[in-house]
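The structure under discussion appears below in the form of structure tokens.
Owing to the predicted nature of the structure, the values given are computational and were not obtained by experimental measurement.
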Amino acid sequence: MMKKLLLIAALVTTAAGFSQTKYVNDVHARASVERTNNIFYADGFGVLTGAPVLDSLYMDLYVSSENTDAAKPLIIYCHTGSFLPRYLNQLATGGRDDSATVEMCTRFAQKGYVVASISYRTGWNPRATTVDGRKSSIINAAYKGVQDLSAAVRYFKRDAAGSNTWKIDSNKICVGGQGTGGYLTSAYASLDNQDEIKIDKFFDFTKNEVMVNDTIWGNRMGFPVLPTTPYARSNWPSHTSNSQVAFNIGGAMGDTSWMDAGEIPLICVHGIYDPFAPYKTGVVKVPGTTLNVVEVSGGYSIMEKENALGNNAPYKGKVYDEYTFRANQLNDGLEGLFPIDGVANGSGPWEWWDSVRIRQVLTFSGRFTQEQITTINGNSSLSNPFMSKTRALAYIDTLQGYIAPRIAVSLGLTASVGLKTLDLSDDVSVYPVPASNNITVRNMNTVNTMQEVVLRDINGREVLRTPTSKSFLSLPLNIPTGVYFLNIQFDNGTATKKVIVD
């Protein structure tokens, strides 16, 4: 797998040298990316120390000094960490300055985005004595993270509506994350109804109460639901919390019943043999123990439903390159899913860290014994046994190569990627000519499937749009006479046919 992955990265890097597309390729110099640290964006009550304490939340912001656009698209990025602070989670990762997080944010900034790497509230009890106790603890941690991510979106919309310090286009926002951050972005993208967090799965039948009490913590955006909601923090309530697309790297979703048609598109990258966040649907356990926490659904199950609902229509069939080709060899036709193969690559092969430096920093802090420091480094190595910076960067090349084009297409920053040179017009027949009440579209290409058909008038205005996976399609017409153009999107290619309506 590693040789194949590196080969794919080399092929695409070579191709990119001939055609650089903003928001898809690294068009700005790495040295031009400036990072502003510790920007306050919101606050919220955290439970890391037990009783609720008001925490200030900060972010680091990345932008290229070469990027002079007056309205830039935004990516809000959530780091990994098991819903506990780095090192306290017994791992070498878990902060917004993790090596992989910094690299991902830098690379997105090189593509033309403003990127905000946010911290979010952490804290749960993995050692609770009951399954319901552990489940309640972690779902509340995830819920607070969704509130914080929503607050971050509103922070930027508030700024954009005023001084617009960061020169953001508030209509082009993507949220994404890796590991635990992927759990947050998946939940954020799918929890559009407050009742969805109160399903039986998250109800404590022993205590006869919902696990997430929004009358105490506020709704999923963080707003009070009652005048007496004690721990809700509105944080910029005059602005909406919605974005346009989300991605999840190695995380899972609390329950796919949260997903409904019409929600924002998701993009997933997931290790097929991930031992911590199941690739399909399975039970998460407390790391290093046999203690069950909760059943969740990983990238495969998420994208299975995403495809069925049609929520990935904004980018489906509009990206075809070497990364897509590789993904399609493994993803069972689930567009938007990049599976990472190999047991040794199961969990976070894009991560890397300096074990020697970690030992020095933690020893100097005086908060950890040498035995604890050895455990932290050892736990991290167990999940990523061949960890190295070179290896991690090869995987990040793949993450960027698969995710970035789909973000760009979903945000309307480019129409398609890798499809422009493949014209399949000769493989399509449209009849009758002229047409009156309906037209029939027939695909004679046995390799490429039609994905979407769009009819436009002579001025380019959209008249009709319909997704399809058929090779034969009949379209009813209720439009004025005249000349129209039918644009057809395939798995790999496009076609344009002239239509005359009599």
Side-chain angles (χ1 to χ4, degrees), residues 78 83 124 131-147 149-150 175-177 179-215 217-222 225 241-243 245-270 274 276-285 292-314 316 331-337:
C78 303
F83 292 112
W124 70 292
V131 173
D132 274 354
R134 294 187 290 273
K135 187 190 299 186
S136 175
S137 182
I138 201 166
I139 192 60
N140 272 279
Y143 187 74
K144 293 180 182 68
V146 171
Q147 291 178 330
L149 178 53
S150 300
V175 300
T180 309
Y183 277 83
L184 296 187
T185 55
S186 297
Y188 163 92
S190 55
L191 280 173
D192 62 351
N193 185 313
Q194 199 61 28
D195 289 339
E196 290 176 332
I197 201 65
K198 301 176 183 180
I199 58 175
D200 286 352
K201 181 176 182 176
F202 298 114
F203 190 91
D204 190 327
F205 289 95
T206 302
K207 295 182 178 180
N208 195 34
E209 63 184 23
V210 293
M211 292 181 178
V212 177
N213 190 336
D214 53 13
T215 65
W217 295 104
N219 67 12
R220 63 198 182 282
M221 276 81 73
V225 298
S241 307
N242 58 296
S243 64
V245 60
F247 63 88
N248 158 31
I249 303 169
M253 184 180 290
D255 201 271
T256 57
S257 70
W258 296 346
M259 301 175 70
D260 300 299
E263 293 171 345
I264 64 173
L266 271 164
I267 308 157
C268 287
V269 177
H270 207 129
D274 193 324
F276 303 115
Y279 176 58
K280 294 187 176 179
T281 296
V283 176
V284 174
K285 297 182 182 296
N292 291 339
V293 181
V294 64
E295 183 184 79
V296 297
S297 294
Y300 186 98
S301 296
I302 292 171
M303 295 312 298
E304 190 173 38
K305 189 161 185 180
E306 181 82 352
N307 277 257
L309 292 170
N311 289 344
N312 56 355
K316 187 172 184 178
N331 65 14
D332 294 339
L334 298 178
E335 169 61 44
L337 172 65

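Between the CD1 atom of I302 and the CD1 atom of I267 there is a distance of 12.5 Å, given to the nearest 0.5 Å. Atom NZ of K305 is separated from atom CG of L334 by 14.0 Å, given to the nearest 0.5 angstrom. Rounded to the nearest 0.5 angstrom, L191 CG and M221 CE are separated by 10.5 Å. The CG atom of D200 lies 10.0 Å from the OG atom of S257; values are rounded to the nearest 0.5 Å. A distance of 7.5 Å separates CD1 in I138 from OG1 in T180, rounded to the nearest 0.5 Å. Taking CG from D260 and CG from L309, the interatomic distance works out to 7.0 Å, rounded to the nearest 0.5 Å.
Closest of all the heavy-atom pairs between V293 and K285 is CG2-C, 3.9 Å. Taking each heavy atom of T185 and C78 in turn, the nearest pair found is CG2-SG, 4.3 Å. Of all non-hydrogen atoms in A246 and I264, the two that sit nearest each other are CB-CD1, 4.0 Å. Among all heavy-atom pairs drawn from T206 and D204, the shortest one is N-OD1, 3.0 Å. For P278 against V284, the heavy-atom pair with the smallest separation is CD-CG2, 4.0 Å. Across all non-hydrogen atoms, the minimal contact from S241 to Y188 is O-OH, 2.6 Å.
Panel note: side chain K201, backbone E295; a donor-acceptor pair is recorded below 3.5 Å. Judged by distance alone, the side chain of N219 and the main-chain N or O of D214 form no donor-acceptor pair under 3.5 Å. The backbone N or O of F83 sits nowhere less than 3.5 Å from a side-chain atom of Y183 that would complete a donor-acceptor pair. Here the side chain of N311 pairs a donor or acceptor atom with the backbone of G262 at under 3.5 angstrom. Side chain of E306 to backbone of C268: no donor-acceptor contact under 3.5 angstrom is found. Remark: the backbone N or O of D132 is not paired with any side-chain donor or acceptor of S136 at under 3.5 angstrom. Side-chain atoms of Y300 never come within 3.5 Å of backbone atoms of N331 as a donor-acceptor pair (strictly under, hydrogens ignored). S186 places a side-chain N or O within donor-acceptor distance of the main-chain N or O of G182, the cut-off being under 3.5 Å.
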Item to check | Stepwise side-chain hydrogen bond (donor to acceptor under 3.5 Å, both in side chains) check, S301 with T256 | outcome: CA-CA 8 Å; S301 296; T256 57; over 6 Å; no
Item to check | Derivation and outcome, side chain to side chain contact (heavy atoms under 4.5 Å, CB included), residues V175 and F247 | outcome: CA-CA 7 Å; V175 300; F247 63 88; over 6 Å; no
Next on the checklist: What verdict does the side chain to side chain contact (heavy atoms under 4.5 Å, CB included) test give for M303 and H270, after you've listed the backbone C-alpha separation in whole Å, the side-chain angles of each residue and the deciding distance to 0.1 Å?
Outcome noted: CA-CA 11 Å; M303 295 312 298; H270 207 129; over 6 Å; no
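With R220 as the fixed residue, the side chain to side chain donor-acceptor pair (under 3.5 Å) test singles out one of Q147, Q194, E196: Q194.
Using a 4.5 Å cut-off on side-chain heavy atoms (C-beta onward), D255 and S297 make no contact. With a 4.5 Å cut-off on side-chain heavy atoms, K316 and N307 count as touching. Side-chain atoms of V294 and M211, non-hydrogen and from C-beta on, never get closer than 4.5 Å to each other. Side-chain atoms of I197 and I139, non-hydrogen and from C-beta on, do get closer than 4.5 Å to each other.
Using the six-membered ring where Trp is involved, F202 and W258 have ring planes that are tilted, between 30° and 60° apart.
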